[in-house]
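Not measured: the values here are computed from a predicted model. Residue numbers run from 1 in the order of the sequence given.
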Amino acid sequence: MPPHCHPTTVYLSAPDMVRLVRRKGLSACIAGVAERIEREFLRWHDFDKSARLACHSAVGVIELMPIADASQFAFKYVNGHPGNHRHGLPTVMAFGVLADVATGAPRLLSELTLTTAIRTAAMSALAARKLARPGSRSMALIGNGAQSEFQALAFRDAVGVRELRLFDTDPRASAKLAANLAGLGLELRLCTSTAEAVRGADIVTTVTADKTNATILTPDMIEPGMHINAVGGDCPGKTELHRGVLEAATVFVEYEPQSRVEGDIQQMPADFPVTEFWQVLAGTRLGRSHAAEVTVFDSVGFALEDYAALTFMRDTAAELGIGDTVELVPQSQDPKDLFGVLRDEPAFGTAPAAAAAAFAVAARGQRLRATA
C-alpha cells in the first residue's frame, strides 16, 4: 500500500444482502456459493486452517472462525442460541471480514446471517451431489426452522429432489416451511414423527438446534442406500445421530480436527474412520462406492465455506453496485503518528491551560467525594 493511502472497507449491511440476493436470485446465489466452495476446497493445501474458537455458556455458544491463504484472511463471528426465539432474535446471527494478508487492512465487512443459511445449504447440496445415490428424489427434512427453506431449495436445484417429508417438534415450524415452499415445485408432506418422515426417503437432512446429545436418527430408521446430512448447529455435547447410525455408514466430514470435537463423530473412538470431503472432490478418495451403501455427511460448518461465501458475495456486490464503504481505521497523514488524529479535535483541548484546568476539576471532584 502506498504511503498515506488509507484502506477502504466495503460494507455489506443486512439490507444490502437482502437486496443482493433478491436481484441475483436465491437459487443463483446458492449455486454460485456451491461452485465457489468446490473451487476453494480443491485448493485445500493453500489454506492455513484451524478449528474455530468457541465460548460456551449454559444457553448457547459464540464462535470465531478464521482461515487464510497467501493473499486473504477471513473470519466469521457467529452464535448459536436455541432459545433466542423467546427474545425475538434468530438462533444464528453472524458477520464476517475479509482482509489483506500482506498488510492486514480490512477490505470487507459483511452480514453473514442470511449468507450463512445460503452457504450451509450450498455445502449440503454439494456433498449430496457427490455422495447420494444418483436419481435421489425424496428427502426427509427434520427440523423446519430458519435454515430449512434454504436446504429444501438447494436440494431441489442441485440434487433433483422433488418430494419433501417435513417434521419438527413444533408443528408451527413445519406449517411455516410448507407455506414458504408452496408453489415452488416441491411435493410436500407433513409428518407426525421422524420415523414417518424418513421411511423410504433417499436423503435425510437433520437441521435441529437443541444443544443436547440427541438421537434424532436411530439405526432402525436407516435403510440401505440412504444419504444422511447431519447439519444441525454443532458443538461439544450436541449430536443428532445415534452412534449405531455412524457405525453402519461411511462417514464424511469437512475438517477432521474440528469435527472430532463438535460433530456427531465426537461420540466415536478417536480412530473411527472418516474421510475429509475435499478428498472426494479431488478424486483421491471414493465417495459412495455402491447403491446400498449408507453415507453420512457429518457437517459442522467450516471457515473455508465462509471464505468462499464472503468472496462470492463481495464479487456479486461489486457486479451489482451494492454496498457502501466504512472507515474502520483512523486516517492519519503519518502512519507512525496515531496520536496525531486526536490533535485537532475540540474535545481534546489544544492549550496546556485547558488540559490543566480539566485535571484540576477532576481532582477537586475526587477530593469532595472522599470527604463527603
Side-chain angles (χ1 to χ4, degrees), residues 14 51-65 76-96 111-121 123-124 140-152 154 166-180 190-194 197-198 204-218 228-243 245 253-254 258-267 296-303 305-306:
R52 57 186 155 210
L53 174 66
C55 294
H56 298 277
S57 71
V59 294
V61 62
I62 296 174
E63 301 169 335
L64 292 177
M65 302 171 63
K76 180 168 81 170
Y77 164 100
V78 63
N79 76 300
H81 287 70
N84 265 4
H85 64 278
R86 294 191 291 269
H87 309 292
L89 293 170
T91 298
V92 174
M93 295 175 282
F95 69 88
E111 88 78 50
L112 280 183
T113 306
L114 177 58
T115 303
T116 291
I118 290 170
R119 77 86 160 129
T120 303
M123 185 71 236
S124 296
L141 190 47
I142 312 302
N144 300 159
Q147 301 277 327
S148 56
E149 289 87 353
F150 300 88
Q151 293 283 329
L166 314 180
F167 176 70
D168 194 292
T169 54
D170 179 2
R172 293 170 300 179
S174 297
K176 175 269 306 181
L177 175 59
N180 284 340
L190 295 173
C191 300
T192 58
S193 68
T194 298
V198 305
V204 178
T205 295
T206 55
V207 200
T208 64
D210 284 345
K211 304 293 184 184
T212 58
N213 284 122
T215 51
I216 294 162
L217 292 183
T218 52
I228 300 162
N229 290 300
V231 178
D234 292 280
C235 64
K238 191 277 170 77
T239 59
E240 294 181 312
L241 309 182
H242 186 284
R243 61 177 294 143
V245 174
V253 300
E254 289 137 316
Q258 181 175 300
S259 299
R260 292 279 181 193
V261 175
E262 299 179 357
D264 276 277
I265 61 170
Q266 67 185 265
Q267 59 189 309
V296 171
F297 181 50
D298 185 9
S299 174
V300 299
F302 182 49
E305 296 152 29
D306 300 304

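A salt bridge links K176 with E149: the closest approach of a Lys/Arg side-chain nitrogen to an acidic carboxylate oxygen falls below 4.0 angstrom.
At least one side-chain heavy atom of L190 sits less than 4.5 Å from a side-chain heavy atom of S174. Using a 4.5 Å cut-off on side-chain heavy atoms (C-beta onward), V59 and N84 make no contact. The closest side-chain heavy-atom distance from M93 to Y77 is not below 4.5 Å.
Minimum heavy-atom separation, I216 to T194: O-CG2, 3.5 Å. Taking each heavy atom of V253 and S259 in turn, the nearest pair found is CB-OG, 3.5 Å. Contact detail for G301 and M65: the closest heavy-atom pair is O-CE, 3.7 Å.
In summary, of the residues considered (T239, V296, D298), a side chain to side chain contact (heavy atoms under 4.5 Å, CB included) with I265 occurs for D298 alone.
Side-chain atoms of T215 never come within 3.5 Å of backbone atoms of T218 as a donor-acceptor pair (strictly under, hydrogens ignored).
A117 is linked by a side-chain contact (heavy atoms from CB on, under 4.5 Å) to Q147, F150, counting only residues two or more places apart in sequence or in another chain. F302 pairs by the ring pair (Phe, Tyr, Trp, His ring centres under 6.0 Å) definition with W44, Y255, not counting sequence neighbours.
From E240, atom CD reaches atom OG1 of T205 across 10.0 Å, with rounding to the nearest 0.5 Å.
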